[in-house]
Amino acid sequence: MADIPKTNRDILNKQRIFPPQGPLSGLRVLDFSQVLASPYLGTMLSDMGAEVIKVEASYGDSSRAYGPLKEGEAGYYITQNRGKYGLCMDLTNPKAIGICKELAKICDICIENWRPGIMTKRGLDYAALREVNPGIIYASVAGFGNFDRFAPAPGPYSPRVCYDVIAQAESGHQWMNGFPDKAPHGLDVSWSDMNTGTHEAVAIVAALIQRIKTGRGQWIDIALTDSMIASNENVICMVSMAADDVPSPVRNGLRRLSISPYGVFKAKDDYFVIGVDNDKRFARLCEAMGKPELARDPKFDTNLHRLKNRAAIEGIVEAWCAQRTVEECVKILRDQHSVPAGPILTNTEYVKNPHYRARQMLVPIEQPRAGVFEMEGVVSKLSRTPGRVQGAAPMMGEHNRSILKKYLGYSDKEIDKLYDELVIVDNIDLAYGYNVDVARAKAKEKGGDK
Amino acid sequence: MKLQAQGPLVGVRVLEICEGQEGPYCGAILSDLGAEVIKVENLEGDYTRKLGPFKQGESAYYISYNRGKKGIALDLSKKKACEIVKDLAAKSDIFIENLEPGAIEALGLNYDVLKEVNPGIVYGSVSCYGRTGPISKYPGNDIVAEAMGGHTSANGWPDGPPEPLGIAVSSHCSGAEFAWGILCAYLHRMLTGHGQYVDVSVSDKNISVTENVLALATMVNVTRGRSGGHHPIVGPYGVYMAVDGAYAIGCGTNEMWGRIATAVGRPELLTAEGWATNLDRGKNRLTHMIPLLTEWGKGKKRDDIVRLMRDESNVPCGACATHKEVQKDAHYRARGTVVDIVQPKAGKVSVASAYANKMSDPRPMVQGPAPLLGEHNEEILQSIICMTSEEIAKLHKQGILVQDLEPKQPT
C-alpha cells in the first residue's frame with residue numbers, strides 16, 4: 001500500500017517471529033480461529049514449533065477489542081495469538097476463499113471454531129479442503145459438535161449456539177460450583193474453551209502420528225461440552241452407580257465433595273488451601289498438627305470415615321489453622337511435613353512468584369505498539385526439543401504480503417490488486433485504528449464480510 | 001475382560017506408574033486414542049481405589065481415571081519388582097509417572113536409568129510444581145495448583161471467600177497437556193528415533209489457562225477480583241436461579257438484551273438508564289441484573305425458562321445440568337462422550353471421554369473397563385517379557401506380584 005506512513009513501514013519491516021523451534025517445527029497450520037478455544041489451540045501448536053498462519057475475516061477477531069488494552073493492542077488477543085502470522089481477508093469473496101484453498105494445499109493442519117455451518121457456507125469445510133489436500137488434519141471446536149456432512153459424531157444439540165458459559169452449565173460444572181445454599185456460579189475463567197483447545201491439541205498430534213503411517217488426514221471434532229464432561233472427576237461414574245432415587249450431587253462450598261479434608265481453610269490472616277487426598281497424607285497432616293493419634297482414630301482413619309465425620313475432622317483442622325498465619329501454616333504443612341498445601345495467589349501475586357520465574361513461565365515478548373511485556377510460557381517442557389514462545393501476535397493483516405509472496409508466489413503488483421479489490425485488508429495504516437467496530441464499519445462500507 | 005484397541009495410537013505401548021488424577025487421566029486419554037496402557041501399581045494400589053463411592057468394592061474414582069488400561073501390581077519395595085518394571089519399560093514406547101518428588105528415583109526408575117535400557121523412550125513426569133524450581137521438592141495436587149495459579153482467588157463472590165473450583169477441571173486440563181507434551185515427543189521420536197524427558201507442572205498449566213488475566217497483571221498491573229462468574233463488561237452473562245434449578249445465559253449484544261428484556265416482561269429496560277449498554281449491565285450486575293432475574297425466576301421452572309430464552313427468544317441459554325442429567329442425555333450418548341462399560345465387579349457403569357468417536361479415521365473409543373488390582377499380571381508378563389506361567393506363579397508366591405480380584409466393599 002502506497003500510503004503507509006514511514007513509522008508503520010518500520011513496524012512491517014521488523015521480524016517479530018523467530019525461526020520455529022520445537023517438535024512440530026516444519027509443520028504448517030491454517031488457523032481460522034476466533035476469540036479463545038481455537039486461538040489457544042493455535043498458540044499451543046505454535047509454541048511447539050508449528051508455523052501458524054492465522055486467517056482473520058476482514059473485521060478482525062473480536063478479541064482484538066478485549067482488554068487489557070495498551071496503545072490500541074489487546075492483551076486478550078495477544079495472549080491467544082502470539083507467535084502466529086496474520087492474514088486478513090474478506091471471507092465472503094470467492095477470491096479470498098481461493099487463496100485459503102491454495103494455502104490449505106501447503107498446510108498440514110487446519111483449525112477453526114466458527115459456528116457449525118459457517119465454514120461450509122464459505123466453502124472451507126473439511127469436505128472442501130480434503131479435496132485439495134487429502135492429508136489435511138481438520139480440527140473443529142463447537143459447543144455441541146458439528147453436524148454437517150462427514151461430521152464424526154453429530155447429535156441433536158449440535159445446531160445450538162453455545163458460548164463457554166453455556167458449556168460450563170450443560171456439562172455439570174456450574175451446578176457443582178459455589179455454596180449449596182446459594183445460587184451456583186460460573187467458573188473464574190472460560191475453562192471450557194481452553195480445556196477443549198488442550199484436548200484438541202492432543203487429538204491433532206495423535207492424528208499426525210496416524211498420518212505418518214497411513215498418509216490420510218481426518219476431521220477432529222471435540223466440542224466444548226465433550227471436554228468438560230470428560231473433566232468431571234468421578235462424578236459421571238458416581239451417578240451411574242447410584243440408584244435412580246438418589247439425588248445428583250450438589251456443590252459443596254469451600255470443600256471438595258468426595259475427599260476430606262480437601263479445600264479452602266481460613267488461617268488467622270487469610271484463606272489458603274489444604275489438599276489431603278489419601279491416608280498417607282492424612283497421617284502427615286495429623287503429625288503436623290501435633291495430633292498423630294488422629295490418623296489411627298477409627299472415625300478418621302480412611303477417607304470414607306473422614307467423609308462420614310466430616311464436620312468433626314474439618315473442625316479440628318480449622319481450629320488449628322485459625323491460630324496461625326497462612327505463611328506459618330504453609331511452612332509447617334507443606335515445607336516441614338510434605339502435606340499438599342499452599343497460598344491462594346492473585347494474578348498480580350503469581351507473576352512475581354520466583355517458582356514460575358525459575359520455570360520460565362513468564363516470557364517477555366515485544367509487540368509493535370504495546371511494547372515489551374511478559375506472558376505465559378510453554379507448559380510442556382521437553383528436554384531435547386523444547387518449544388518456545390515463538391514471537392509476537394500479528395497486527396491485522398500484518399503478513400498478508402509476506403505470506404502470499406512466500407508460499408503462493410504472488411508478486412507485489414498482484415497483491416496490490418488484491419488490496420484494491422478488498423480481497424485482502426489490513427489495519428497497519430491505522431486508518432481503522434485498532435478499534436474493531438471502526439474496522440467492521442469500514443469493511444461494511446466497502447462491501448466486505450459481515 | 002478383553003480390551004479392544006481402536007484409534008490413531010494403536011500399536012503404541014505406554015507404561016504408567018501414576019496415581020491420583022493428572023497422570024492417570026493422561027493414561028486414560030492415550031488409551032482412548034488406541035494405545036496399550038499398562039498401569040503399574042504398588043501393593044495397595046492407586047490410592048483412588050479407596051476414594052468412593054464404591055460398588056461391589058470398586059471405586060468410581062478409580063474407574064473414571066483408569067478405564068481401558070491393563071493392570072499389573074507388584075511390591076515395589078522389593079528390588080526384583082523394580083527390575084520387572086524396568087524390563088517392561090525396555091519394551092515400551094512411553095513411560096509416565098506422577099509419584100511424589102523423589103519417589104521414582106528411589107525406585108530406580110527415573111529417566112536416567114530407563115534411557116540406558118531404552119534410549120528411545122519418551123519419559124514424562126507430571127506434578128503439582130514440576131520437577132525443577134524452588135518448590136518442586138514438595139508434593140501437591142490440583143487444589144493447590146489452582147490456588148497457586150490464580151483460579152481460586154477469583155472463584156466466588158466479591159463479598160465472599162475464595163472458593164475452590166467445584167470440580168477439579170484443572171487436573172483434567174493438565175492431564176491433557178501432559179498427553180500433548182508426551183505425544184509431541186513421541187512424534188519427534190517417530191521422525192528421528194530420539195527419546196526425551198517431558199516435565200509438566202499442573203501449576204504452570206493453571207497460569208497458562210487464564211484467558212487475559214496474566215496480561216492484566218503484566219500489561220496494566222490490575223489485580224483480578226471475584227465476580228461470581230458474572231461477566232464484568234457484558235451482561236446478562238452468568239448463572240441465575242429458577243425454582244427447581246439454575247440456568248446460564250450469555251448475552252453479547254444490545255439486540256439480544258432487548259429480546260431478554262421482552263421475555264421477562266420489561267421491554268422498557270432496553271433503553272433505560274443503567275441498562276442500555278453492555279458496559280452498564282456489566283457494571284450494575286450486582287445492583288440491577290442479578291436482583292431482576294432472581295426475582296423474575298422465582299416460581300418459574302428451569303426448563304421453561306431455557307425454552308423461553310433459547311428456543312423462543314434466540315438467546316444463548318442453557319440449563320445448569322446435574323450430573324444425573326448429563327449421564328442420561330441422548331446427545332452425549334450419540335457423540336460417544338458418555339459411554340457405558342462393564343466392570344468385573346461393579347457391572348455396568350458410565351464413564352466420559354472427550355475422544356471416543358470424535359475423530360473420523362480411525363475412530364477412538366473407550367477400550368474397556370478399569371483393571372482390578374493386578375488383574376493382568378500374567379498376560380502382561382507373558383506377552384511382553386515372555387515369562388512362563390511357572391515363573392509368574394513363583395513371583396506371586398514370593399509376594400513380588402500381587403493381585404486382589406475380590407475387592408472388599410469398604411465400610
Just one of B:Val351, B:Thr337, B:Val326 clears the side chain to side chain contact (heavy atoms under 4.5 Å, CB included) bar with A:Ile236, so which one?
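With A:Ile236 as partner, B:Val351, B:Thr337, B:Val326 yield a single side chain to side chain contact (heavy atoms under 4.5 Å, CB included), made by B:Val326.
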For [Y], does its backbone N or O pair with a side-chain atom of [X] as donor and acceptor, under 3.5 Å?
X	Y	answer
A:Asn278	B:Tyr47	no
B:Ser153	A:Leu345	yes
A:Ser380	B:Glu177	yes
B:His323	A:Cys237	no
B:Glu211	A:Ser190	yes
A:Asn252	B:Gly166	no
A:Glu233	B:Ala168	yes
A:Ser231	B:Val169	no
A:Arg334	B:Pro139	no
B:Ser350	A:Ser240	no

For the pair A:Lys182 and B:Met241, evaluate side chain to side chain contact (heavy atoms under 4.5 Å, CB included) and give the outcome as yes or no after the intermediate values.
CA-CA 9 Å; A:Lys182 277 197 196 160; B:Met241 282 306 273; over 6 Å; no
From CA spacing to verdict: salt bridge (charged side-chain N to carboxylate O under 4.0 Å, His left out), A:Asp188, B:Arg226
CA-CA 8 Å; A:Asp188 70 304; B:Arg226 291 184 280 282; over 6 Å; no
About how many Å separate CD of A:Glu376 and CG of B:Asp204, when rounded to the nearest 0.5 Å?
11.0 Å
Give, for atom CD of B:Glu146 and atom CD1 of A:Ile344, the distance between the pair rounded to the nearest 0.5 Å.
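Output value for this atom pair is 10.5 Å.
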Apply side chain to side chain donor-acceptor pair (under 3.5 Å) to the pair A:His185 and B:Glu163, showing each step before the final yes or no.
CA-CA 11 Å; A:His185 56 81; B:Glu163 298 170 20; 2.7 Å; yes
Check each of B:Tyr25, B:Trp180, B:Phe178 against A:His199 using the ring pair (Phe, Tyr, Trp, His ring centres under 6.0 Å) test, and report the only one that passes.
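For A:His199, the ring pair (Phe, Tyr, Trp, His ring centres under 6.0 Å) test succeeds with only one of B:Tyr25, B:Trp180, B:Phe178, which is B:Tyr25.
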